[in-house]
Amino acid sequence: MQTFKTIKGLREALSAERAAGNTIGFVPTMGALHEGHLELMRRALRENDCLVVSIFVNPIQFNNKEDLEKYPRVLEEDSKILEDIGCQYLFAPDVDEMYPEPYKSEYDFGLLSEVMEAAFRPGHFNGVAIVVRKLFEIVEPTTAYFGEKDFQQLAVIQQLVKMFEMSVKIIPCSIVRENDGLAMSSRNVRLTAHERQLAPKIFQTLQKAKKLRNVLSPEELRRWTREELDAVEDFNIDYVEIAEDQQLQPFQHWNDASGAILFVALFLGKVRLIDNVRIF
Ligand code: PAF
């Protein structure tokens, strides 16, 4: 595996791949790699001639200073994992390489900018969009892979790609879970042993909720889910939402949507966790 800290170095290596007619699969990450990331990478390796992984803890997408400071940074371990799975290129720039100038772009993702993560983490998706657009311009991938745990991020990136008519194909990948159902996340390592025991209750509740679709209205199901989660010691809920699966807007009647997803975001101690399940 070749590791690049500079945009120039990576661009040169990838232009040789392109000249050889090779397709480039890309998995952007912030590191602290787990099985969820590896699933994206294995798929990218199967579907492309080479794999580029970026590891960059993007400061401008954090709206919480402590979350940015505490975000796990384990580049050496991550590099070994990437070698083992057969990744060809690691791009691990520092902040000055990515942002030599302060970044000023403002993106408007319409309705997607008004709900859930966008409402609770102001500026977050603007920071994600800035870095992902820049990474796409550097890597020029054929395909890029994103996990559905960050479902709203995925929708924002799909809209970004449409807005700028980028040629990259975005591949959504299913959530990867621990054996007890907890959605894999780099932040999970920050949970205490006690919090780690409570965390699977999120997915357990979402699964129970899914089964109540035939007896409760969307509003009643939202309320039921919220009450179940609220009853768990140490859960501090940001939101519970049932939204249609395109612009992620809440709706009143099951017939109003062609696909529906139940979303949750909550703090468990100091760690913010998100999860979702498709209801239909
Ligand atoms: O999902 C993530 O890890 C990040 O938001 C991403 C897409 C790598 C952008 O920094």
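Sequential numbering from 1 along the given sequence is applied to the chain's residues.
- Here the side chains of Phe151 and Ile261 are in contact, with some heavy-atom distance below 4.5 Å.
- A salt bridge links Arg196 with Asp180; the closest basic N to acidic carboxylate O contact falls under 4.0 Å.
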Steps toward side-chain contact (heavy atoms from CB on, under 4.5 Å) verdict (Thr143, Phe26): CA-CA 6 Å; Thr143 28; Phe26 180 42; over 6 Å; no
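- Here Glu83 does not pair with Lys80 in a salt bridge; the nearest charged N to carboxylate O distance is not below 4.0 Å.
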Residue pair Glu233, His194: steps toward the side-chain contact (heavy atoms from CB on, under 4.5 Å) verdict: CA-CA 11 Å; Glu233 174 203 359; His194 174 63; 3.5 Å; yes
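- Under the 6.0 Å distance and 45° angle rule, Arg177 counts as a cation-pi partner of Phe203.
- Using a 4.5 Å heavy-atom threshold, the side chains of Phe235 and Ile202 count as touching.
- Considering every non-hydrogen atom in both Arg213 and Ile279, the closest pair reads CG-CG2, 3.6 Å.
- A salt bridge is absent between Asp230 and Arg223; no separation between the charged side-chain nitrogens and carboxylate oxygens falls under 4.0 Å.
- Environment of NZ in Lys270: sparse, with no more than 12 heavy atoms of neighbouring residues, nucleotides or ligands closer than 6.0 Å.
- The structure places CG of Leu51 at 4.5 Å from CG of Leu45, a figure rounded to the nearest 0.5 Å.
- Cation-pi geometry between Arg187 and Tyr71 is not met at under 6.0 angstrom from the ring centre and within 45 degrees of the axis.
- In the displayed structure, Glu35 atom CD is contacted under 6.0 Å by more than 12 heavy atoms of other residues, nucleotides or ligands.
- Hydrophobic clustering (side-chain heavy atoms under 4.5 Å, transitive across Ile, Leu, Val, Met, Phe, Trp, Tyr) keeps Leu262 apart from Ile175.
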Working for side-chain contact (heavy atoms from CB on, under 4.5 Å), residues Val139 and Leu10: CA-CA 8 Å; Val139 176; Leu10 180 70; 4.0 Å; yes
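- Glu244 places a side-chain N or O within donor-acceptor distance of the main-chain N or O of Gln246, the cut-off being under 3.5 Å.
- Through direct or indirect side-chain contacts shorter than 4.5 Å among Ile, Leu, Val, Met, Phe, Trp and Tyr, Met184 is connected to Val176.
- The number of heavy atoms from other shown groups lying within 6.0 Å of CD (Glu77) does not exceed 12.
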Derivation of the side chain to side chain donor-acceptor pair (under 3.5 Å) call for Asn58 and Tyr99: CA-CA 10 Å; Asn58 176 33; Tyr99 301 123; 2.5 Å; yes
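- No donor-acceptor pair closer than 3.5 Å links the side chain of Gln2 to the backbone N or O of Leu90.
- Residues Val168 and Thr142 have side chains not in contact (no heavy-atom distance under 4.5 Å, counting atoms from C-beta outward).
- In this structure, the side chains of Glu228 and Gln204 stay at 4.5 Å or more apart for every pair of heavy atoms.
- Proximity of a side-chain donor or acceptor of Gln152 to a complementary backbone N or O of Leu112 within less than 3.5 Å is detected.
- His253 places no side-chain N or O within 3.5 Å of a backbone atom of Asn255 that could act as its donor or acceptor partner.
- In this structure Thr29 satisfies the side chain to side chain contact (heavy atoms under 4.5 Å, CB included) test together with Val27, Leu33, His37, Met41, Val53, Ile55, sequence neighbours excluded.
- Using a 4.5 Å cut-off on side-chain heavy atoms (C-beta onward), Glu195 and Thr192 make contact.
- Ion pairing between Arg42 and Glu39 holds under the 4.0 Å rule for side-chain N and carboxylate O.
- Judged purely by atom type and a 3.5 angstrom limit, Ser174 has no side-chain atom pairing as donor or acceptor with the backbone of Glu148.
- With hydrogens and angles disregarded, no donor-acceptor distance shorter than 3.5 Å links the side chain of Asn48 to the backbone of Cys50.
- In this structure a side-chain-to-backbone donor-acceptor pair under 3.5 Å is present from Glu97 to Ile7.
- Using a distance-only test at 3.5 Å, with no hydrogens or angles considered, a donor-acceptor pair links the side chain of Lys210 to the main chain of Arg278.
- Residues Asp67 and Arg190 are paired through a salt bridge, judged by an N-O separation under 4.0 Å between the basic side chain and the carboxylate.
- Checking side-chain atoms of Lys5 against main-chain N and O of Ala92 turns up a donor-acceptor pair under 3.5 Å.
- Side chain of Asp49 to backbone of Thr23: a donor-acceptor contact under 3.5 angstrom is found.
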CA sep, side-chain torsions, deciding dist, call: Trp254, Leu221, side-chain contact (heavy atoms from CB on, under 4.5 Å): CA-CA 11 Å; Trp254 293 118; Leu221 190 54; 3.8 Å; yes
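- Note that CE of Met166 and CD1 of Ile157 are 10.0 Å apart. Values are rounded to the nearest 0.5 Å.
- In this structure the side chain of Pro172 reaches within 4.5 angstrom of the side chain of Gln158, judged on heavy atoms.
- Using cut-offs of 30° and 60° on the angle between ring planes, the pair Phe109 and Tyr107 is parallel.
- Scanning both residues, Phe125 and Ala118, for their nearest heavy atoms gives CE1-N, 3.7 Å.
- A salt bridge links Arg272 to Glu117: at least one charged side-chain nitrogen sits closer than 4.0 Å to a carboxylate oxygen.
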